[in-house]
Peer 1: 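Before we start, here is the structure in question, set down as structure tokens.
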Amino acid sequence: MKIAFIIASINSKSNGLGGHYHSLLETAQQIAAHHEVFIINVGNNPAKALEDTKIKLHSVIFKGPAIFRTHSSIKKILKSEQPDILHAFDSLAYYWVRLAGHKLQIPFCVTKCGGINSVYFPYAKNLILFSTENLNFFKSKRKFEDSNLYLIPNRIKYFESDKTRIEKIKNNLGEKTEVFKFLRITRIGKYYHSSSTQLINLVNKLSLDGFKCCVIFIGIVEDKNCLQELRILGKDNCFFFTESEFTKDAKQLISVADAVLGTGRSFMEAAAKNKILLSPVQNSSIPIIITQKNFDTAFYYNFSERIKIENYNESFNYNKIKSIIQNKDEQTRNINFIRRIFNEYFNTDKIAVKYEKVYSNTRNNKIPKVGADFLLHTLFLIRNYYR
């Protein structure tokens with residue numbers, strides 16, 4: 001088979017460096033081992049995450065919506081490439097996929113890469129989801145009652161660390177170089193402000209209790225006010241690395257830390273490096289440490305800010321974190337648990353087989369018509385260009 005992956009970068013707050021761009025690359029690379037693939041990046045600015053990809057890349061970039069010119073350009077590419085499947089990796093790219101797929105009679109599907117259950121998501125006959133939370137939501141909607149829904153949690157492969165950049169970070173930590181280090185790779189803005197605050201609260205609390213520790217943030221700045229608030233809260237315990245030298249392919253820097261607060265893909269990347277893992281949790285001033293007892297719940301929410309733990313006890317959670325930091329045997333047991341969940345849930349080994357099933361079913365289905373929902377999809381697209 002030949003698969004075309006299409007992803008949008010329209011007013012991207014991350015400049016095309018967000019997790020779903022890396023998820024696309026990982027998926028495409030794994031499938032490329034068995035099939036021919038190429039990528040189309042559509043939007044008003046090219047996605048930076050795709051700049052160095054070795055996969056064949058077509059860029060369809062116009063400053064405004066340019067719906068007709070974009071459609072014409074994509075059609076021209078598809079007529080030349082002759083793919084068997086169109087695979088959109090977000091709801092904006094899916095606009096052109098469903099339009100071109102219907103026009104050229106090429107089967108198509110779309111992935112929703114985790115995140116909240118939004119008020120509007122375009123109708124899709126073949127929809128791939130990363131989280132059980134999203135799966136249950138779409139199952140409950142009459143609009144998707146005849147859709148084929150596939151739960152394929154995000155997958156990653158093992159990756160090497162960048163020792164040179166890690167040393168640069170350590171050189172900036174001064175006397176904190178040898179302390180217990182927490183890490184958060186995130187966009188620094190309002191959306192992730194709560195989880196960032198939880199991590200700083202934890203480090204401040206541990207410091208007051210005599211633990212030598214600090215927190216490292218790596219990520220682009222979306223909101224300077226949020227950055228300033230975090231700096232004030234973190235005081236001498238907090239370090240920020242916001243330059244492109246560190247934010248590009250930041251997963252290669254995970255090894256600088258002992259523990260990582262991760263959400264979505266960043267959680268899984270930290271699991272690949274066998275780190276002590278934390279996630280945000282609702283109704284708490286600090287993040288929760290991930291153990292065998294709470295993993296299933298955190299996994300349900302894709303390790304996001306929406307995690308709700310029944311009968312959550314913040315004091316118990318804090319004492320558990322202290323215990324794992326202090327007790328080397330308990331720390332080893334926790335890391336061994338993380339290693340097991342990475343191999344069982346996040347490793348890329350079986351990703352190609354799972355997607356081949358989706359593509360086979362998609363090709364066997366009748367290509368859906370562009371219905372009334374398409375008008376809403378058009379308005380949704382234009383709104384994102386002018387937000």
Side-chain angles (χ1 to χ4, degrees), residues 19 23 26 114 130-133 151-161 179-186 195 198-199 202-203 205-206 209 211 213 215-216 250-282 284 286-351 354:
S23 295
E26 190 62 55
F130 277 5
S131 74
T132 308
E133 178 190 17
L151 178 62
I152 306 179
N154 205 350
R155 293 289 191 277
I156 63 171
K157 65 180 178 180
Y158 184 81
F159 52 90
E160 296 297 329
S161 298
V179 305
F180 191 93
K181 292 178 281 293
F182 292 87
L183 173 68
R184 178 79 168 113
I185 297 174
T186 185
S195 58
Q198 283 188 356
L199 184 57
L202 171 63
V203 170
K205 193 170 184 177
L206 287 168
D209 283 347
F211 289 84
C213 58
V215 58
I216 299 166
K251 70 177 185 294
Q252 295 179 346
L253 308 177
I254 288 171
S255 292
V256 75
D258 302 287
V260 177
L261 189 155
T263 53
R265 185 175 183 82
S266 66
F267 181 97
M268 299 168 193
E269 290 169 343
K273 288 299 183 180
N274 302 323
K275 295 299 177 181
I276 296 168
L277 293 175
L278 303 103
S279 281
V281 63
Q282 291 193 11
S284 177
I286 62 173
I288 191 168
I289 190 162
I290 299 301
T291 65
Q292 196 160 351
K293 289 184 178 179
N294 59 35
F295 172 78
D296 288 342
T297 301
F299 186 46
Y300 176 89
Y301 291 102
N302 199 31
F303 313 102
S304 70
E305 286 80 358
R306 299 180 303 283
I307 294 174
K308 302 174 186 175
I309 302 292
E310 190 174 348
N311 299 320
Y312 171 72
N313 185 307
E314 184 170 317
S315 295
F316 178 85
N317 175 50
Y318 179 62
N319 289 331
K320 184 68 176 177
I321 293 170
K322 288 196 299 182
S323 179
I324 288 178
I325 293 174
Q326 287 177 309
N327 189 314
K328 291 297 181 182
D329 289 338
E330 193 169 350
Q331 194 173 122
T332 300
R333 285 193 294 271
N334 182 266
I335 291 171
N336 287 338
F337 159 69
I338 298 301
R339 184 180 290 111
R340 288 197 304 273
I341 65 170
F342 171 75
N343 289 325
E344 183 174 350
Y345 293 97
F346 310 140
N347 205 318
T348 57
D349 287 352
K350 297 180 181 179
I351 195 171
K354 291 178 181 291

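Reckoned from all heavy atoms, side chains included, excluding hydrogens, waters and symmetry mates. On a predicted model such as this, the values are computed, not experimentally measured, just so you know. When a residue number appears, it is its place in the shown sequence, counting from 1.
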Peer 1: Using the test salt bridge (Lys or Arg N to Asp or Glu O under 4.0 Å), find all partners of Lys273 that sit at least two apart in sequence or belong to another chain.
Peer 2: none

Peer 1: Using the test ring pair (Phe, Tyr, Trp, His ring centres under 6.0 Å), find all partners of Phe267 that sit at least two apart in sequence or belong to another chain.
Peer 2: Phe303

Peer 1: With sequence neighbours excluded, what pairs up with Tyr300 under the ring pair (Phe, Tyr, Trp, His ring centres under 6.0 Å) test?
Peer 2: none

Peer 1: Applying salt bridge (Lys or Arg N to Asp or Glu O under 4.0 Å), can you list everything that pairs with Arg265, at least two apart in sequence or on another chain?
Peer 2: Glu26, Glu269

Peer 1: Among Ile254, Leu253, Thr263, Val260, find the one that has a side-chain contact (heavy atoms from CB on, under 4.5 Å) with Ile185.
Peer 2: Ile254

Peer 1: Just jot down the side chain to side chain contact (heavy atoms under 4.5 Å, CB included) partners of Asn347, sequence neighbours excluded, or say none.
Peer 2: Phe342, Asn343, Asp349

Peer 1: List in chain and number order the residues that pass side chain to side chain contact (heavy atoms under 4.5 Å, CB included) with Ser195, two or more places apart in sequence or in another chain; answer none if no residue qualifies.
Peer 2: Arg184, Tyr192, Leu261, Pro280, Glu305

Peer 1: Taking ring pair (Phe, Tyr, Trp, His ring centres under 6.0 Å) as the definition, give me every residue that meets it alongside Phe159, ordered by chain and number, with sequence neighbours left out.
Peer 2: none

Peer 1: Under the side chain to side chain contact (heavy atoms under 4.5 Å, CB included) rule, collect the residues that match up with Leu151, sequence neighbours excluded.
Peer 2: Thr132, Leu135, Pro153

Peer 1: Counting only heavy atoms from other residues, nucleotides and ligands, does the tally under 6.0 Å from CZ of Phe316 exceed 12?
Peer 2: no

Peer 1: Hey, could you give me each pair passing salt bridge (Lys or Arg N to Asp or Glu O under 4.0 Å) that has a residue in residues 323-334? Not counting sequence neighbours.
Peer 2: Lys320-Glu330

Peer 1: Gln292: which residues meet the side chain to side chain contact (heavy atoms under 4.5 Å, CB included) condition with it, sequence neighbours left out?
Peer 2: Phe337, Arg340

Peer 1: Mind checking the CZ-CG spacing from Phe180 to Asp258? Nearest 0.5 Å is all I need.
Peer 2: 4.5 Å

Peer 1: Only counting residues at least two apart or in another chain, list the ones meeting salt bridge (Lys or Arg N to Asp or Glu O under 4.0 Å) with Lys251.
Peer 2: Asp249

Peer 1: Considering residues at least two apart in sequence or located in another chain, which fulfil the salt bridge (Lys or Arg N to Asp or Glu O under 4.0 Å) criterion with Glu314?
Peer 2: none

